[in-house]
Protein chains: 2
Amino acid sequence: MFSLAEENYLKAIYHLESKHKGAVSTNAIAEVMDTKPSSVTDMVQKLADKKVLSYVKYKGTSLTDEGRKTAANVIRKHRLWEVFLVDKLKFHWDEVHDIAEQLEHVHSEELIARLDKFLGFPDFDPHGDPIPDKNGNVKPTEKKLLSELNKKQHGVCVGVKESNSDFLQYLDKKNITIGTKISVLGKEFFDGSMVIQVGRDQFFISKKIAENLYIQTN
Amino acid sequence: MFSLAEENYLKAIYHLESKHKGAVSTNAIAEVMDTKPSSVTDMVQKLADKKVLSYVKYKGTSLTDEGRKTAANVIRKHRLWEVFLVDKLKFHWDEVHDIAEQLEHVHSEELIARLDKFLGFPDFDPHGDPIPDKNGNVKPTEKKLLSELNKKQHGVCVGVKESNSDFLQYLDKKNITIGTKISVLGKEFFDGSMVIQVGRDQFFISKKIAENLYIQTN
DNA sequence: TCTTAAATTTAGACAAGGCTAAAAATAAAA
DNA sequence: TTTTATTTTTAGCCTTGTCTAAATTTAAGA
Ligand SMILES: [Mn+2]
Ligand SMILES: [Mn+2]
Ligand SMILES: [Mn+2]
Ligand SMILES: [Mn+2]
């Protein structure tokens with residue numbers, strides 16, 4: 001059994017590993033955990049003792065299979081609760097993260113199994129992120145960023161990269177949500193900005209927006 | 001905002017106050033919290049500083065209005081989650097307490113408001129205990145213990161006093177649940193045992209059983 | 001009332017997590 | 001290859017919540 005703090009560290013390291021290849025640096029962890037590098041060192045040494053990650057002084061850490069599975073399980077819980085909050089309690093998709101952040105630490109295998117069933121065994125959370133299975137496996141999906149598309153290409157929005165409130169509220173204003181069809185009408189190579197079509201509307205979006213929307217094309 | 005430990009102390013003191021009149025003793029708190037009296041003294045002094053209870057050395061403690069409201073709110077959350085677990089996730093009523101014990105500490109007013117609505121604003125939890133409203137008020141119900149009934153009296157089971165697994169499973173075996181009609185066919189004054197009728201079945205119960213079943217007669 | 005027993009509090013420690021300041025190791029620059 | 005800058009770790013201290021052992025207070029018995 002892992003403490004709340006330990007679970008949060010494992011989750012953070014899991015996400016960092018999936019973004020950048022190679023060992024995760026102490027400073028990177030401190031950054032996302034919003035804590036000091038010295039605190040990270042302490043915790044990482046403790047987690048290494050517990051065999052959930054391997055740690056080499058000054059070189060960084062990487063999760064063991066055990067650690068990866070544990071982290072994936074916390075993420076599984078987080079995302080299932082987010083589905084519950086949106087689908088059942090009718091929360092808006094920009095309101096659920098902080099609550100799920102607490103719910104993810106409730107310990108009960110049975111609870112999650114039943115919640116999963118109650119929700120109809122969802123594959124994705126409200127932000128389009130995949131929900132790991134009981135064993136910590138995530139089926140790989142072929143999605144790309146909207147910013148990778150070129151003029152005249154189109155696809156369906158399947159997720160968001162960053163999911164902070166401001167961004168999600170912007171998407172709502174533009175009627176973009178998971179499942180929305182998006183077509184690229186024009187693309188400016190100088191700044192990466194685009195003109196896209198969503199439903200009947202055509203409008204301009206910045207590169208930053210395009211880099212935070214996942215699209216599935218096929 | 002109160003810590004998990006503080007919330008549990010407040011809840012325990014709230015329950016103790018409702019059972020025995022007068023100030024709650026340090027030892028009584030230690031007993032139900034399964035901790036040492038010295039630890040209780042420390043915590044109780046801290047909670048007194050926070051104005052949620054009044055504490056007089058060697059004399060005991062009692063909740064302030066503020067403390068009572070805070071405690072009732074934790075209990076409200078506990079019971080609403082129990083309703084969720086039984087009604088929605090189809091848990092059995094003897095399996096939900098420990099999970100609710102964790103869920104009750106998730107902080108979000110909005111979450112509880114929406115959960116309440118999702119559950120249809122229930123008045124009682126799966127064990128027949130009343131759910132306090134947002135302001136910490138519980139409507140008083142006129143219920144008595146089955147052991148207080150005499151021969152030929154009858155009523156409807158509206159709750160259980162102790163709700164440990166063994167007892168709840170016994171009740172299931174006997175087909176007794178919230179809403180079940182129970183008639184007293186005989187009562188032995190020597191040991192308080194009874195013969196009762198439940199549906200078509202008639203059987204013997206000990207005084208201990210009768211003292212843990214709440215009945216509404218009218 | 002005097003003495004013993006029970007309840008309660010105080011003193012001193014400990015583990016988990018976290019912080020700051022200083023030291024050590026590694027990476028980058030000259 | 002030195003020197004300097006950056007990253008990371010160590011050392012020492014703090015807070016929360018808990019515990020044991022010892023001291024105090026209150027209650028009970030003679
Ligand atoms: Mn989230
Ligand atoms: Mn999400
Ligand atoms: Mn309960
Ligand atoms: Mn209950």
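Residue numbers begin at 1 in each chain, while the letters A, B, ... track the order of the sequences. Scope of the values below: all heavy atoms of this structure, side chains included, with no hydrogens, waters or symmetry mates.
- Proximity of A:Trp81 to A:Val96: side-chain heavy atoms (C-beta onward) are nowhere separated by under 4.5 Å.
- Rounded to a whole Å, the CE atom of A:Met43 is 17 Å from the C1' atom of D:dT9.
- Atom C1' of nucleotide D:dT10 and atom OH of A:Tyr55 are separated by 10 Å, given to the nearest angstrom.
- When ring centroids are compared, A:His127 and A:His97 stay outside the 6.0 Å threshold.
- Rounded to whole Å, atom P of C:dG18 lies 13 Å from atom NZ of A:Lys36.
- Between the CD atom of B:Glu6 and the C1' atom of D:dT18 there is a distance of 14 Å, given to the nearest Å.
- Distances shown here put a side-chain N or O of A:Tyr9 below 4.0 Å from the OP1 or OP2 atom of C:dG18.
- Taking atom CG of A:Asp42 as the reference point, atom C1' of C:dC19 lies 10 Å away to the nearest angstrom.
- Within the structure, a side-chain polar atom (N or O) of A:Thr26 is placed less than 4.0 Å from OP1 or OP2 of D:dT9.
- Comparing A:Lys59 and A:Ser3, the nucleotide of DNA chain C nearest to each residue sits closer to the 5' end for A:Ser3.
- Aromatic ring centroids of A:Phe84 and B:Phe84 lie under 6.0 Å apart.
- Taking side-chain N and O atoms only, B:Lys57 has no distance below 4.0 Å to OP1 or OP2 of D:dT26.
- Note on A:Ser39: every side-chain N or O is 4.0 Å or more away from OP1 and OP2 of C:dG18.
- Contact annotation: A:Asn27 does not reach the phosphate of D:dT6 (side-chain N/O to OP1 or OP2, under 4.0 Å).
- Side-chain atoms of A:Thr64 come within 3.5 Å of backbone atoms of A:Lys51 as a donor-acceptor pair (strictly under, hydrogens ignored).
- Following rounding to the nearest Å, B:Leu47 (CG) and D:dT16 (C1') show an atom-to-atom distance of 12 Å.
- The closest side-chain heavy-atom distance from B:Leu80 to B:Leu115 is below 4.5 Å.
- Not a single donor-acceptor pair, N or O on each side, falls under 3.5 Å between the base of D:dT18 and the side chain of B:Ser38.
- Within 4.0 Å (heavy atoms only), A:Thr35 reaches sugar-phosphate atoms of the nucleic acid but no base atom.
- Between the OH atom of A:Tyr58 and the P atom of D:dA5 there is a distance of 19 Å, given to the nearest Å.
- In this structure, A:Gln45 places its CD atom 13 Å from C1' of D:dA11, rounding to the nearest Å.
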